[in-house]
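First listed ligand is number 1; within each ligand, the first listed atom is number 1.
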Amino acid sequence: MPRRPAVPDRRTLLKALAAAPVLSAAGTLSAAAVPAARAGTASAAAGAPGIVKPLPPEYFTIRGTNAEARFETFRDTGLLTPTDRFFVRNHTSTPVLEAADWRLTVWGDGLHGREPVHFTYGQLRDLFPVTRTALIECAGNGRSLFTTQQGEPVSGTSWTLGAVGAARWRGARLSDVLRLAGLAPDAVDVMPRGLDDPYVTGGVDLGRVRRPLPVAKALDDVILAYEMNGEPLPYDHGFPVRLVVPSWVGVASIKWLGDIQVSRTPLSSPWSTDYYRLFGPAHPPGGSAPLTLQTLKSAYELPFGATLEADRTHRLDGRAWSAHASVRKVEVSTDGGAHWRLARIVDRPVPGRWVRWTTFWRPRDTGPATLLSRVTDAAGNVQPERTVHNTQGYLFDAVVRHPVTVV
Ligand SMILES: Nc1nc2c(c(=O)[nH]1)N[C@H]1C(S)=C(S)[C@@H](COP(=O)(O)O)O[C@H]1N2
Ligand SMILES: [Mo]
């Protein structure tokens, strides 16, 4: 992927200056004074409590406040996941906001002026637009396989493999917004925060969803997206503006963005301390460092427990992806891992995207069988046989054992 220039070009700067952000008149905005341009929240009528879009059972499995896509239905989609099939992960519920009332506030001691800077929706749309295809994958995608495949208990939403999707995102560069706001050279962290309701768990109010992001990543390839697959962002995916943090755990891509704190000292939130680290006997006592990159996976676009006819040639399709590098090869086994062969990769591998792959199988014996697939990326990462356990079930990367029945 070509790196973006470190400094906006002339055209960008001219456009940006024309859309100069409004400095706060009062200059006294506190961290809590988020401009909540709230017009309402989704009702429970549509399916999962708090999700606006329809969730037909043939495309989605509802898991609490979340909706998981049925991975097998990606079979009839292209490289992009249609918005009406894209998984939704909500800590609370989708807020229905008005773009006209929306403001982004950038604030904190990591700004030169130390005064909050505001951007309207129109001002953000006037900044130089970038378009990029990126996956969003929940760090917990595949979590239920810790239990079903490895016999290990984990906490969190029991996703199978459908907490992932790919979309074409269009928006402003976070680097442009931070520079316009007066990013200080010694700023180290930014912390984007959503406008959805505060997250309350076990009787404790953790506040609004927010998570620190190092300035280096913020200036690299992060987008403030206002379009998804060529349409305005849908309510459930962060309307009017969300962050897209390519290749990182999904929680980094804060939806319904309301404000961004910029700091000269490291920031933290429950989403970087209590959650989204690896905990357990195999990890450091206080947990690993906060999670950054997603991992790698491959899977068949076939329901678990599918039945296939014996003595017939079946075309089996799947997808493979890695947050670390482009996909190099996908191997498949139809005999539980005794023999492996290469699958045919359909799409040109591009870092940060997935590829579709296919293989053919003519089963002879009836009865249960196990299909496996294993991706290797261009950095040499390979799916292991087991994922090292962590108590919250993040970053499942092991080869999936896909049960089918031959009849
Ligand atoms: N404001 C806000 N942003 C959020 C979340 C949230 O609940 N609130 N969930 C995060 C998590 S855990 C994931 S995996 C992604 C999911 O994005 P999607 O719902 O568009 O698929 O959004 C992230 N951004
Ligand atoms: Mo997530």
Side-chain angles (χ1 to χ4, degrees), residues 34 36-38 41-42 48-53 55 59-60 62-69 80-97 102 104 134-143 155-159 162-169 191-201 206-211 213 222-229 231 233-260 269-272 274-277 290-292 294-295 323 392-396:
V34 176
R38 178 174 302 264
T41 49
I51 294 179
V52 173
K53 69 183 179 184
L55 302 168
Y59 291 154
F60 291 102
I62 292 168
R63 303 195 187 282
T65 53
N66 315 291
E68 176 173 0
L80 301 181
T81 311
T83 303
D84 61 1
R85 308 238 198 138
F86 209 98
F87 84 102
V88 180
R89 194 299 187 233
N90 280 354
H91 280 75
T92 58
S93 59
T94 294
V96 176
L97 307 178
W102 180 85
L104 171 67
L135 297 182
I136 293 202
E137 183 178 12
C138 187
N141 193 27
R143 174 181 284 129
S155 60
T157 303
S158 301
W159 305 111
V164 60
R168 194 124 178 90
W169 309 97
M191 183 139 71
R193 178 164 55 170
L195 290 165
D196 40 340
D197 284 339
Y199 179 57
V200 179
T201 179
L206 301 182
R208 295 181 194 269
V209 177
R210 64 200 184 282
R211 190 170 193 263
L213 190 67
V222 178
I223 299 175
L224 285 88
Y226 42 72
E227 275 181 24
M228 179 178 184
N229 294 336
E231 305 279 348
L233 266 188
Y235 288 125
D236 298 307
H237 298 290
F239 182 85
V241 176
R242 84 176 298 167
L243 226 58
V244 173
V245 182
S247 304
W248 279 38
V249 287
V251 70
S253 294
I254 295 293
K255 303 193 278 188
W256 314 293
L257 186 63
D259 70 299
I260 303 176
S269 85
W271 289 269
S272 70
D274 302 341
Y275 302 111
Y276 301 98
R277 287 179 186 238
L291 299 183
T292 59
Q294 255 310 327
T295 182
Q392 295 177 343
Y394 296 126
L395 302 186
F396 188 86

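- The nearest protein atom to atom 10 (C) of ligand 1, hydrogens excluded, is given as V251 CA, 3.8 Å; this is a heavy-atom distance.
- Looking only at heavy atoms of the protein, atom 24 (N) of ligand 1 is closest to S253 O, 3.1 Å.
- Looking at R242, its side chain does come within 3.5 Å of a backbone N or O of H237 through a donor-acceptor pair.
- A donor-acceptor pair under 3.5 Å is formed between the side chain of Q294 and the backbone N or O of C138.
- Considering only heavy atoms from C-beta on, K255 stays 4.5 Å or farther from T94 through its side chain.
- Close to ligand 1: Y276, with a non-hydrogen atom less than 4.0 angstrom away.
- Under a 4.0 Å criterion applied to the non-hydrogen atoms of D196, ligand 1 contributes the atoms 1 (N), 2 (C), 6 (C), 7 (O), 8 (N).
- At a heavy-atom distance under 4.0 Å, no atom of A163 approaches ligand 1.
- Protein heavy atom in closest approach to atom 15 (C) of ligand 1: G250 O, 3.6 Å.
- Close contacts between ligand 1 and C138 involve ligand atoms 14 (S) [criterion: under 4.0 Å to a heavy atom].
- At the shortest separation from atom 19 (O) of ligand 1 among protein heavy atoms lies K255 NZ, 2.5 Å.
- Under a 4.0 Å criterion applied to the non-hydrogen atoms of F86, ligand 1 contributes the atoms 21 (O).
- The side chain of R242, and not its backbone, has at least one atom closer than 4.0 Å to an atom of ligand 1 (non-hydrogen atoms only; side chain from C-beta on).
- The two residues D236 and W256 make their nearest non-hydrogen contact at O-CZ2, 3.6 Å.
- A donor-acceptor pair under 3.5 Å links the side-chain atoms of R208 to the main chain of D196, judged by distance alone.
- Residue contacts with ligand 1: E137 is excluded, as none of its non-hydrogen atoms falls under 4.0 Å.
- A distance-only check finds no donor-acceptor pair linking the side chain of W102 to the backbone of L97 [under 3.5 Å].
- Ring-plane geometry between W271 and Y275 is classed as tilted, the angle between the planes lying from 30 to 60 degrees on a 0 to 90 degree scale.
- For ligand 1, the polar-atom distance check against R89 finds a nitrogen or oxygen pair separated by under 3.5 Å.
- A side-chain donor-acceptor contact under 3.5 Å links T65 to the backbone of N90.
- Geometrically, ligand 1 and N90 share no nitrogen or oxygen pair separated by less than 3.5 Å.
- Closest to atom 21 (O) of ligand 1 by heavy atom, among W256, Y199, F87, W159, is F87.
- Not a single donor-acceptor pair under 3.5 Å links the side chain of K53 to the backbone N or O of V88.
- Ligand 1 places these atoms under 4.0 Å from at least one heavy atom of G194: 1 (N).
- Counting protein heavy atoms only, atom 6 (C) of ligand 1 is closest to H91 ND1, 3.5 Å.
- Between the R85 side chain and the A69 main chain, no donor and acceptor come within less than 3.5 Å of each other.
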